[in-house]
Each structure stands twice: as structure tokens, then as C-alpha cells.
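Here's the structure, in C-alpha cells; my notes come after.
We use all heavy atoms of the structure for the numbers below, so side chains are in, but hydrogens, waters and symmetry mates are not. Just so you know, these numbers come straight off a predicted model, no measurement behind them.
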Amino acid sequence: MQGLSCGMSRIVGCRFSVYPMTDNFVDVIKGALEEVDTSKVWSYTDDVSTCIRGRSEHVFDVAKAIFIHAAKTGVHVVFNGTFSIGCPGDSEGDTYMSEDDVRLNEDGSQNEQVEAASQFALYPMNNPDYMQVIADQVSVAQEHGTFTKGVHYASRLDGDANEVFKTLEEAFVNASKTDERSHVTMTAAVSANSPSTKDK
């Protein structure tokens with residue numbers, strides 16, 4: 001935490017990696033990145049992962065678009081990410097919080113039909129009612145029709161990738177609103193085109 005100071009705004013961040021299961025994985029990743037507009041988020045990529053930060057709608061817009069554009073190639077693709085809001089130390093990139101709410105990649109994502117499976121887990125930090133917060137968001141997933149079942153340490157979602165990410169976003173945002181001073185994280189593994197038989 002050295003050198004970091006608390007920011008004044010509720011920046012949402014996501015650190016993620018995308019894994020195309022193919023020999024030409026570099027082409028799949030680069031191709032997806034070329035199709036996604038990241039101008040409304042702060043972003044940085046190193047040899048392990050990519051971090052994007054800004055308003056929640058733009059962070060989820062970019063994360064979803066990168067996954068969908070990689071998955072539409074037909075190869076088995078896995079997105080593994082951690083979303084966070086309220087993390088002590090968030091300050092760099094505050095300027096992206098002034099962006100409007102127009103999602104730059106939504107039309108492109110909606111034009112693609114990608115079936116996805118996801119396992120996600122919510123962590124409302126320092127909230128004594130965390131189990132109720134989690135249960136409420138599982139109910140949201142059930143209302144969306146994407147909830148499949150609870151699994152060890154996670155909940156499973158299945159459906160169109162746009163609907164799966166919509167559920168993930170709504171669950172995360174809702175959990176963060178239970179206490180606007182809280183730190184909430186969410187892990188999400190999203191898979192498409194897996195050769196494995198779905199375990200429902």
C-alpha cells in the first residue's frame with residue numbers, strides 16, 4: 001500500500017486475464033482488443049493481467065466486450081477477473097469518473113451471440129450482514145434467469161454472455177450500494193465454447 005492514498009470517488013476496477021485455448025491465442029487476444037473501445041477507462045496491461053478502472057458501467061462494458069469478441073472466434077475462452085470498489089488507495093485515474101454513461105461497446109457486444117457459463121463470488125468486506133447481501137444478489141440472478149445453482153465457494157450462471165455479464169454487474173453494483181463506504185470485491189470466471197459437457 002506504500003505510495004497510495006485514498007481517492008475521493010467510488011472508482012470501480014477489474015483486474016483480469018483472458019485465456020484462449022488455442023495455439024494462436026495471441027491473435028485472438030489482439031483481435032479482441034482491437035475491436036474494443038477502452039477510451040472511457042484507465043487501463044494498464046503487464047505480463048500477467050490487465051487492469052481497467054473507471055465508472056462501473058464502462059468497466060463492465062469493456063470487460064464484457066473483450067470476452068465476447070474473443071469468444072466469438074469459436075475457440076474455448078476463459079475470462080478470469082476480480083472486480084473491486086471502495087479499495088483503500090484508489091486515486092490514480094479519477095479523471096475517468098467524469099465520463100458520461102454511454103457505453104461505447106454495447107452495440108457490438110449485443111450483436112454477438114455467445115453462450116457462456118460463469119462461477120462468481122461476492123465479498124462485501126467488513127459487512128456483518130454479508131450473507132444476506134450475497135443471498136439477495138443470488139435472488140437477482142434467479143430473476144434474470146441466469147442462475148443455475150450454488151457450487152462450493154461460488155454461484156453458477158449460464159446463458160447468453162450479455163445476460164451473464166448483466167447479472168454480474170447488477171449483483172456487484174447492488175452489493176456496493178448496501179454501504180457506500182464499503183469495500184466490495186467480486187471474483188468471476190466466465191467460459192465459452194468449452195469442449196466439456198455442462199455440469200448443471
| query | Is any side-chain heavy atom of V138 less than 4.5 Å from a side-chain heavy atom of F147? | reply | yes
| query | Does the salt bridge (charged side-chain N to carboxylate O under 4.0 Å, His left out) test come out yes or no for R103 and D101, once each step is laid out? | reply | CA-CA 6 Å; R103 301 181 188 227; D101 60 0; over 6 Å; no
| query | For N162, which residues count as a side chain to side chain contact (heavy atoms under 4.5 Å, CB included) partner, sequence neighbours excluded? | reply | K64, I68, S109, Q110, D160
| field | Enclosure of D100 CG (heavy-atom neighbours >12, cutoff 6.0 Å) | value | yes
| task | Give a yes or no on whether N126 atom CG has more than 12 heavy-atom contacts from other residues, nucleotides or ligands under 6.0 Å away. | result | no
| query | Which atom names give the shortest non-hydrogen contact between S84 and H183, and what distance separates them? | reply | OG-NE2, 3.0 Å
| Looking only at side chains, do E112 and H69 share a donor and an acceptor under 3.5 Å apart? | no
| query | Would you say L168 and I11 are hydrophobically clustered, going by side-chain heavy atoms of ILVMFWY under 4.5 Å? | reply | no
| field | Side chain proximity check, V18 to V78, heavy atoms < 4.5 angstrom | value | no
| said: Under the rule for ring pair (Phe, Tyr, Trp, His ring centres under 6.0 Å), what residues qualify as partners of F120, not counting sequence neighbours? | reply: none
| request: Assess whether atom CG of D46 is packed by more than 12 heavy atoms of other residues, nucleotides or ligands within 6.0 Å. | output: yes
| Any residue meeting ring pair (Phe, Tyr, Trp, His ring centres under 6.0 Å) with Y130, in chain and number order, not counting sequence neighbours | none
| said: Are F16 and F67, when compared by the centres of their aromatic rings, separated by less than 6.0 Å? | reply: no
| query | Can you list the steps and then say if F172 with Y123 is a ring pair (Phe, Tyr, Trp, His ring centres under 6.0 Å)? | reply | CA-CA 9 Å; F172 177 79; Y123 300 95; over 10 Å; no
| Joint hydrophobic cluster, V26 plus I29, side-chain heavy atoms closer than 4.5 Å | yes
| message | Under the rule for salt bridge (charged side-chain N to carboxylate O under 4.0 Å, His left out), what residues qualify as partners of E35, not counting sequence neighbours? | response | K72
| Pairs satisfying salt bridge (charged side-chain N to carboxylate O under 4.0 Å, His left out), at least one member in residues 49-58, at least two apart | R53-D90, R55-E57
| request: Classify the side-chain pair S49/S17 by whether it contains a donor and acceptor separated by less than 3.5 Å. | output: no
| query | Are the aromatic rings of F25 and Y19 close, with centres under 6.0 Å apart? | reply | no
| request: Mind checking side-chain hydrogen bond (donor to acceptor under 3.5 Å, both in side chains) for S39 and listing every partner two or more places apart, or none if nothing turns up? | output: D37
| task | Decide yes or no for V184 and M125: does some side-chain heavy atom of the first lie under 4.5 Å from some side-chain heavy atom of the second? | result | no
